[in-house]
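A short worksheet on the structure shown next.
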Amino acid sequence: MIELRHLRYAVTVADEGHITRAAQRLGIQQPPLSQQIRSLEAMVGATLFRRMPRGVEVTEAGKTFVEKARAILQDVELAVEATRNNARGDEGGLAVGFTSSAAFHPMVTSAVRMFSENWPGVSLKLEESSTPDLIGAIRAKHLDVAFIRSPVEDSSGLTISHILDEEMLVALPDSHRLASTDGERDPIHLYELAGEDFILYRRPSGPGLYDSVIAACLSAGFSPRVKHEAPRLLSTLSLVAAGLGISLVPRSMARLETHGIVYLQITRDTQLVAPLNLATRSAEVSGALRRFVEMVGQRHDR
């Protein structure tokens, strides 16, 4: 069976034009190299080198073999280098998912941007979806990592890392009675929203945020009247701007500066926050994923 070492022997002998010099370059003795070349010729079924008084000459058949052997060895070197780069996280691909609310948090946007700038050899694929769909995509190996808001009931085979808790704000139509027109208003108590029509991000898409809002309102002494449910947080804000109700959203959503909406803080005793978590598979961590997770952790620690 022809092995890579046979290819290296043939290429080196062809380059040196001399068995002894080739043996020195390869770090082996001349007799074993001569024997290996004869064995190679027997396996190929053709004479590769013509023995001359002062060295060897490559035959026509030998030229064809050496040309192909050289290409194979170069491909092997490229494969090894590519594998090393992939293991280090310098090359390869990374599929990153995020919920619609997480997409607007500066931690998420800056992490994706900085990773792309620092490791341009890694191809990034981005996908926005609901937490359940993102978790399903990670399990199916369609995604490598995802920024999620909701807790994961079955986390077997997954690593869920808590990154931060984000303040929640009240989003009101600018014509609302609680919207201040003469400067910033003091934070409001959640019970002040009793009797309002609520617009929430529908539960199947974001069970964590939905349940947190309901629980916080119940703790404040009232059951929220959920008038509308939207498939995306952006849709929620559109309904608020249209005057169809109020909503509670992560603070980063206020960066959109949607026309017709006023954002108010809630008193801290409410303890209503939007967690931001990072989900990955527990096994099969690629070099690119390891670097991405480490970078997110470093940015959070600052």
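Note that this is a predicted model, so its numbers are computed, not measured.
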According to salt bridge (Lys or Arg N to Asp or Glu O under 4.0 Å), who are the partners of [X], at least two apart in sequence or on a separate chain?
{"X": "R255", "result": "none"}
{"X": "E127", "result": "none"}
{"X": "E166", "result": "R149"}
{"X": "E67", "result": "none"}

Do R291 and E294 pass the salt bridge (charged side-chain N to carboxylate O under 4.0 Å, His left out) test, and can you show the C-alpha distance, the side-chain angles, and the key distance before you say yes or no? CA-CA 5 Å; R291 284 194 166 177; E294 291 174 351; over 6 Å; no
Decide whether [X] and [Y] are clustered together by the hydrophobic rule: side chain heavy atoms of Ile, Leu, Val, Met, Phe, Trp, Tyr closer than 4.5 Å, transitively.
{"X": "I160", "Y": "V108", "result": "no"}
{"X": "L278", "Y": "V152", "result": "no"}
{"X": "M295", "Y": "L289", "result": "yes"}
{"X": "Y191", "Y": "L272", "result": "no"}
{"X": "V273", "Y": "L193", "result": "no"}

side-chain hydrogen bond (donor to acceptor under 3.5 Å, both in side chains) with [X]: which residues, sequence neighbours excluded?
{"X": "D165", "value": "H162"}
{"X": "D75", "value": "none"}
{"X": "S223", "value": "none"}
{"X": "S161", "value": "none"}

With distance as the sole test, does [X] use its side chain to make a donor-acceptor pair with the main-chain N or O of [Y] at under 3.5 Å?
{"X": "T12", "Y": "A22", "result": "no"}
{"X": "T59", "Y": "T47", "result": "yes"}
{"X": "T109", "Y": "P106", "result": "yes"}
{"X": "H176", "Y": "L178", "result": "yes"}
{"X": "S155", "Y": "L158", "result": "no"}
{"X": "D144", "Y": "A95", "result": "yes"}

Mind checking ring pair (Phe, Tyr, Trp, His ring centres under 6.0 Å) for H18 and listing every partner two or more places apart, or none if nothing turns up?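 Listed in chain order: nothing, the list is empty.
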Just jot down the ring pair (Phe, Tyr, Trp, His ring centres under 6.0 Å) partners of F222, sequence neighbours excluded, or say none.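 Per chain and number, F222 pairs via ring pair (Phe, Tyr, Trp, His ring centres under 6.0 Å) with no residue.
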Do [X] and [Y] make a side-chain contact, defined as non-hydrogen atoms from C-beta onward lying under 4.5 Å apart?
{"X": "P173", "Y": "V240", "result": "yes"}
{"X": "V122", "Y": "F292", "result": "no"}
{"X": "L7", "Y": "I2", "result": "yes"}
{"X": "R8", "Y": "L73", "result": "yes"}
{"X": "L134", "Y": "F147", "result": "no"}
{"X": "L172", "Y": "R177", "result": "no"}
{"X": "L94", "Y": "F115", "result": "yes"}
{"X": "I214", "Y": "F198", "result": "no"}

Of the non-hydrogen atoms in [X] and [Y], which two are nearest, and what is the gap between them?
{"X": "A288", "Y": "G93", "value": "CB-O, 4.3 Å"}
{"X": "V66", "Y": "V11", "value": "O-CG2, 4.1 Å"}
{"X": "I261", "Y": "A171", "value": "CG2-CB, 4.0 Å"}
{"X": "F98", "Y": "A103", "value": "CD1-CB, 3.5 Å"}
{"X": "A10", "Y": "F65", "value": "CB-CE2, 3.8 Å"}
{"X": "E128", "Y": "S100", "value": "OE2-CB, 2.9 Å"}

Rounded to the nearest 0.5 Å, what separation is found between the [atom1] atom of [X] and the [atom2] atom of [Y]?
{"X": "H105", "Y": "S110", "atom1": "NE2", "atom2": "OG", "result": "9.0 Å"}
{"X": "L143", "Y": "I138", "atom1": "CG", "atom2": "CD1", "result": "6.0 Å"}
{"X": "I199", "Y": "S238", "atom1": "CD1", "atom2": "OG", "result": "9.5 Å"}
{"X": "L218", "Y": "L190", "atom1": "CG", "atom2": "CG", "result": "10.0 Å"}
{"X": "N277", "Y": "I148", "atom1": "CG", "atom2": "CD1", "result": "5.5 Å"}
{"X": "R281", "Y": "R139", "atom1": "CZ", "atom2": "CZ", "result": "10.5 Å"}

From I266, T236, T270, L169, residue fulfilling side-chain contact (heavy atoms from CB on, under 4.5 Å) relative to L248: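 Looking at I266, T236, T270, L169, the match for L248 under the side-chain contact (heavy atoms from CB on, under 4.5 Å) is I266.
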Apply side-chain contact (heavy atoms from CB on, under 4.5 Å) to D15 and R70, showing your working. CA-CA 11 Å; D15 288 345; R70 198 186 304 278; 3.0 Å; yes
Side-chain donor-acceptor pairs under 3.5 Å in residues 31-43, sequence neighbours left out?
{"from": "S34", "atom 1": "OG", "to": "Q30", "atom 2": "O", "distance (Å)": "3.2"}
{"from": "S34", "atom 1": "OG", "to": "Q30", "atom 2": "NE2", "distance (Å)": "2.7"}
{"from": "Q35", "atom 1": "OE1", "to": "R38", "atom 2": "NH2", "distance (Å)": "3.3"}
{"from": "Q35", "atom 1": "NE2", "to": "S39", "atom 2": "OG", "distance (Å)": "3.4"}
{"from": "Q36", "atom 1": "OE1", "to": "R5", "atom 2": "NH1", "distance (Å)": "3.0"}
{"from": "Q36", "atom 1": "OE1", "to": "H6", "atom 2": "NE2", "distance (Å)": "3.1"}
{"from": "S39", "atom 1": "OG", "to": "Q35", "atom 2": "O", "distance (Å)": "3.1"}
{"from": "E41", "atom 1": "OE2", "to": "L48", "atom 2": "N", "distance (Å)": "2.9"}
{"from": "E41", "atom 1": "OE2", "to": "F49", "atom 2": "N", "distance (Å)": "3.1"}
{"from": "E41", "atom 1": "OE2", "to": "R51", "atom 2": "NH1", "distance (Å)": "3.2"}

Can you list every salt bridge (charged side-chain N to carboxylate O under 4.0 Å, His left out) pair that touches residues 235-249, not counting sequence neighbours? none
List the steps, then state whether side-chain contact (heavy atoms from CB on, under 4.5 Å) holds for Q265 with R251. CA-CA 9 Å; Q265 288 183 293; R251 186 181 186 87; 3.7 Å; yes
